[in-house]
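As the structure is a prediction and not an experimental result, all values here were calculated from the model.
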Amino acid sequence: MELIECLDIPYILSEPQNPFHTFDVYIPKHLQDASHQHDAGSYLICLVHGGAWRCEDKADYADLARKLAISTGYPVALPNYRLTPTEPTADNFLRHPEHARDVLRFLEFIRSWYGRDNGAGRELLPCQPRKLFLVGHSCSAHILCSIFMCMPGENLHPSDELVRSTTAFVMSEGIYDIDLLLSSFPTYRTWFIEHTFGKKDSYEDVSVIRATMNAKGDHIRWLIIHSQGDTLVDERQSSAMYDYLSATLRPVAKTFDKLGDEHNVILQGPQYVEIISQYIKGVVGAK
């Protein structure tokens, strides 16, 4: 399948343009056909990269985005967001929820985006995206959950239109409960948790499994993915999130036994793409 690729589209305009406030989009070329304008063209997959809130880039996930676009037949948008410095100083630091605030700005932008390339002035999508699939890996699972759940003191408020447009979350190797993570990996505290969330005795206030669900998101479906070979984030994270969603009677599915590779290695193999693609097609087919 041939793809149209457009890179470095700004979702927050600035001068000079901040590269962390741009996104890439990968669009199956057949969607330019008018017959798809009100079918597949209305769906959009938003893939948000991981990296412990402090590293990685949308370019690192370009191959995965291409594979998802080809496998599903739907466009895939891949944003950057600002990162916490690896060596923060008093004059150079970035803490939660600023990463999530950037991703929220991107999602609000992409929901109302008509597929126009700000640089070339051309239309890239056949119609405005109306149904979003949000894919988060590792820390970006926490970022997305922070946006769509009611977290105390974070002042992140997705619009009603964005919540209604969101069809499903797909979360892989996610971080959901920081205290639980530190009980398994205590060295993470000084490696990236304190830089991201500040120095605290407990991080219960940023645990998404202790947050209140957005009542307007009852329609949103969830898939929680975890690899048995992941040594960087243990299955307790995904199990806790699955149990929390199940207790709130959310439509949630899990895949904990189909992948066996390491944390980021799963992103390179065909099984990961197949799991997500089959899930998305199943959700679309059920509507």
**Aromatic ring proximity Tyr81/Phe20, centre distance under 6.0 Å** = no
**Complete:** Nearest heavy-atom contact between Ala168 and Ile220 is CA-CG2, 3.9 Å
**Prompt:** Are the side chain of Asp230 and the backbone N or O of Ser227 linked by a donor-acceptor pair below 3.5 Å?
**Reply:** no
**Prompt:** Charged N to carboxylate O under 4.0 angstrom, Arg66 versus Glu5?
**Reply:** yes
Side chains of residues 158-165: which donor-acceptor partners sit under 3.5 Å, not counting sequence neighbours?
residue: Ser159; atom: OG; partner: Glu108; partner atom: OE1; Å: 2.9
residue: Ser159; atom: OG; partner: Glu108; partner atom: OE2; Å: 3.1
residue: Ser159; atom: OG; partner: Leu162; partner atom: N; Å: 3.0
residue: Asp160; atom: OD1; partner: Lys216; partner atom: NZ; Å: 3.1
residue: Asp160; atom: OD2; partner: Lys216; partner atom: NZ; Å: 2.8
residue: Ser165; atom: OG; partner: Glu161; partner atom: O; Å: 2.8

**Prompt:** Strictly under 6.0 Å, is that where the ring centroids of Trp53 and His142 end up?
**Reply:** yes
**Message:** Between Asp177 and Arg210, does any NZ, NE, NH1 or NH2 come within less than 4.0 Å of an OD or OE carboxylate oxygen?
**Reply:** yes
**Message:** If only side-chain N and O atoms count, and only distance matters, is there a donor-acceptor pair under 3.5 Å linking His263 with Thr231?
**Reply:** no
**Val273-Val265 co-clustered via ILVMFWY side chain contacts under 4.5 Å** = no
**Message:** I need the single residue from Tyr279, Phe148, Tyr176 that forms a ring pair (Phe, Tyr, Trp, His ring centres under 6.0 Å) with Phe169. Which is it?
**Reply:** Phe148
**Item:** Taking every non-hydrogen atom, the tightest pair across Gly50 and Tyr61
**Value:** N-OH, 3.2 Å
**Asked** Is a donor on one side and an acceptor on the other found under 3.5 Å between the side chain of Lys200 and the backbone of Glu194?
**Response** no
**Message:** How close do Val208 and Cys145 get, counting heavy atoms only, and between which atoms?
**Reply:** CG1-CB, 3.7 Å
**Item:** Check: Ile143 main-chain N/O paired with Ser140 side-chain donor or acceptor under 3.5 Å
**Value:** no
**Message:** Is a donor from one side chain sitting under 3.5 angstrom from an acceptor on the other, for Asn80 and Thr22?
**Reply:** no
**Prompt:** Pairs in or reaching into residues 229-262: which pass ring pair (Phe, Tyr, Trp, His ring centres under 6.0 Å), with residues at least two apart or in two chains?
**Reply:** none
**Message:** I'd like to know if Lys58 pairs up with Asp8 as an ion pair, taking the criterion as any Lys NZ or Arg NE/NH1/NH2 lying under 4.0 Å from an Asp or Glu carboxylate oxygen.
**Reply:** yes
**Over all atoms of both residues, closest heavy-atom pair of Gln237 and Leu181** = NE2-N, 3.2 Å
**Request:** Please test Ile70 against Leu3 for side chain to side chain contact (heavy atoms under 4.5 Å, CB included), starting from the C-alpha separation and ending with a verdict.
**Result:** CA-CA 8 Å; Ile70 292 170; Leu3 299 177; 4.0 Å; yes
**Asked** What are the two closest non-hydrogen atoms of Val233 and Glu173, and how far apart are they?
**Response** CG1-O, 4.0 Å
**Request:** Starting at CZ of Phe93, measure out to OG1 of Thr196 and round the result to the nearest 0.5 Å.
**Result:** 12.5 Å
**Request:** State yes or no: do Val252 and Met213 share one hydrophobic cluster built from I, L, V, M, F, W and Y residues joined by side-chain heavy-atom distances below 4.5 Å, directly or via other members?
**Result:** yes
**Fill in**
The single option from Ser238, Ser246, Ser239 that satisfies side-chain contact (heavy atoms from CB on, under 4.5 Å) with Ile224 is Ser238
**Prompt:** So with a 6.0 Å cut-off around CZ of Arg82, is the heavy-atom count from everything else above 12?
**Reply:** yes
**Between Thr84 and His99, a side-chain donor and acceptor under 3.5 Å** = yes
**Message:** Is there a continuous path of hydrophobic side-chain contacts, each under 4.5 Å between heavy atoms, that joins Leu94 to Ile193?
**Reply:** no
**Item:** Nearest non-hydrogen partners of Pro79 and His49, listed with the distance
**Value:** O-CD2, 3.7 Å
**Prompt:** Under the salt bridge (charged side-chain N to carboxylate O under 4.0 Å, His left out) rule, what pairs show up with a residue in residues 243-264, not counting sequence neighbours?
**Reply:** Asp218-Arg250
